[in-house]
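In what follows, every heavy atom counts, from backbone to side chain, and hydrogens, waters and symmetry copies are set aside.
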Amino acid sequence: MSDNFQFEAPASAEILIVEDEPKLAELLQKYLAAAGYGSRHVAHGDDAVPAVRARLPDLVLLDIMLPGRTGWDICRELRSFTDVPVLMLTARVEEEDRLRGLELGADDYICKTPFSPREIVARVKSMLRRNGRLQRTPNAAPAASAASPLVIDDARLQASVRGEALALTPLEFRLLKAFASAPGQVFSREQLLNHLHDEYRSVTDRAIDTHIKNLRRKLEPFFPGHNAIQAVYGVGYSFELPE
């Protein structure tokens with residue numbers, strides 16, 4: 001049922017490509033290999049979730065129109081057990097389809113017409129950098145960073161500072177994880193909402209302000225006199241810990 005092949009590269013990350021057009025998938029693999037990424041490919045929708053469960057990739061390139069299960073169904077099931085970044089690839093250009101993909105938990109969405117493998121690789125790089133690729137190994141013990149006292153334990157949905165756990169709600173944890181993945185980056189409210197899962201779809205962009213206020217309050221005792229989450233007027237929020 002599957003048409004599997006694999007490209008080896010001095011990879012800093014592994015990408016799972018779910019695409020039923022072999023020539024297109026092979027082209028993507030060549031471009032990803034040139035960028036230093038390893039990849040696997042499955043051509044049938046029914047094989048996508050088992051491939052993720054068998055070996056968790058760092059990112060999934062997911063076509064929507066597939067034989068067997070659709071990309072919509074695959075994305076929905078992936079979000080039931082992992083937050084691996086998902087970049088949806090599709091020939092459908094309607095805004096409704098794009099919004100549906102984001103609501104199902106996709107991290108980004110790109111149209112295949114016109115097809116630009118360079119743009120796809122650029123999106124992959126950006127998403128891996130934004131989502132903290134090395135935090136995606138399931139059930140692995142979190143490694144403390146010499147540069148930061150903050151540790152994000154993705155498997156347990158917990159965060160700690162200098163070994164002391166933060167008492168966070170699930171939503172606060174996901175916000176902190178988004179911030180910690182890109183220190184210094186300014187996130188709009190819409191971007192922060194996109195980091196949340198389906199169960200938080202009812203959260204409004206203004207409600208984000210309240211949750212950030214609570215998160216800021218919980219971080220303050222660990223960093224006295226330092227506001228870790230800064231409001232950027234007219235844009236959103238940025239996160240940075242003291243040196």
If the condition is salt bridge (charged side-chain N to carboxylate O under 4.0 Å, His left out), which residues does [X] pass it with, not counting sequence neighbours?
{"X": "R69", "answer": "E77"}
{"X": "K125", "answer": "none"}
{"X": "E21", "answer": "K112"}

Any side-chain heavy-atom pair from [X] and [Y] closer than 4.5 angstrom?
{"X": "L241", "Y": "P149", "result": "yes"}
{"X": "V84", "Y": "L16", "result": "no"}
{"X": "Y37", "Y": "D58", "result": "no"}
{"X": "R76", "Y": "D73", "result": "yes"}
{"X": "L61", "Y": "E19", "result": "no"}

Same hydrophobic cluster for [X] and [Y], using side-chain heavy-atom links shorter than 4.5 Å among ILVMFWY?
{"X": "M65", "Y": "V49", "answer": "yes"}
{"X": "V232", "Y": "L176", "answer": "no"}
{"X": "L192", "Y": "V235", "answer": "no"}

Hey, what do you get for [atom1] ([X]) to [atom2] ([Y]), rounding to the nearest 0.5 Å?
{"X": "L32", "Y": "I15", "atom1": "CG", "atom2": "CD1", "answer": "6.0 Å"}
{"X": "L171", "Y": "H211", "atom1": "CG", "atom2": "NE2", "answer": "4.5 Å"}
{"X": "L150", "Y": "S160", "atom1": "CG", "atom2": "OG", "answer": "7.0 Å"}

Using the ring pair (Phe, Tyr, Trp, His ring centres under 6.0 Å) criterion, which residues pair with Y237? Sequence neighbours excluded.
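Per chain and number, Y237 pairs via ring pair (Phe, Tyr, Trp, His ring centres under 6.0 Å) with no residue.
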Do you know which two heavy atoms are closest between [X] and [Y], and how far apart they sit?
{"X": "L128", "Y": "A13", "answer": "CD1-CB, 3.8 Å"}
{"X": "L89", "Y": "D63", "answer": "O-OD1, 2.7 Å"}
{"X": "I17", "Y": "S39", "answer": "CD1-CB, 4.3 Å"}

Around atom CZ of R118, are there more than 12 heavy atoms of other residues, nucleotides or ligands at under 6.0 Å?
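No - once you tally the heavy atoms of other residues, nucleotides and ligands closer than 6.0 Å, there are 12 at most.
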Can you sort out the partners of E240 under side chain to side chain contact (heavy atoms under 4.5 Å, CB included), two or more places apart, ordered by chain and number?
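Side chain to side chain contact (heavy atoms under 4.5 Å, CB included) check on E240 returns nothing, list empty.
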Are R53 and F81 in a cation-pi contact, defined as NZ or CZ under 6.0 Å from the six-membered ring centre and within 45° of the axis?
yes
With R216 via side-chain hydrogen bond (donor to acceptor under 3.5 Å, both in side chains) - residues at least two apart:
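So R216 forms a side-chain hydrogen bond (donor to acceptor under 3.5 Å, both in side chains) with N227.
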